[in-house]
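The first residue in the sequence is number 1, and the count goes up from there.
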Amino acid sequence: MNRERGMSTAEYAVGTIAACAFAALLMKIVSGTEIAELLTGIISRALNTDA
């Protein structure tokens with residue numbers, strides 16, 4: 001039995017491009033002002049000890 005193991009170079013290239021595209025999409029979403037304000041508010045409430 002001759003089974004192929006791992007990914008070929010083309011599969012690595014496609015996987016790398018997909019990962020980079022996903023990272024770029026996440027950066028675009030997270031760097032938006034609404035999301036930044038939401039995250040800042042959540043972190044501020046979590047760190048607020050003046051309950």
Side-chain angles (χ1 to χ4, degrees):
M1 287 188 287
N2 185 10
R3 294 184 178 178
E4 294 184 32
R5 293 186 182 180
M7 293 193 301
S8 69
T9 303
E11 290 170 329
Y12 276 117
V14 170
T16 301
I17 291 170
C20 289
F22 185 66
L25 177 65
L26 285 178
M27 285 300 298
K28 183 71 173 175
I29 291 170
V30 172
S31 65
T33 56
E34 294 176 0
I35 300 298
E37 290 173 0
L38 177 68
L39 291 174
T40 302
I42 291 171
I43 292 170
S44 294
R45 284 193 302 269
L47 295 176
N48 187 7
T49 57
D50 297 336

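Atom CD1 of Ile35 sits about 11.0 Å away from atom OG1 of Thr40, to the nearest 0.5 Å. Here the straight-line distance linking atom CG of Asn48 with atom CD1 of Ile43 works out to 13.5 Å at 0.5 Å rounding.
Between Ser31 and Met27, the closest heavy-atom pair is OG-O, 2.7 Å.
With hydrogens and angles ignored, the 3.5 Å screen pairs no side-chain donor or acceptor of Glu37 with any backbone N or O of Glu34.
No continuous path of hydrophobic side-chain contacts links Val14 to Phe22 [ILVMFWY only; heavy atoms under 4.5 Å].
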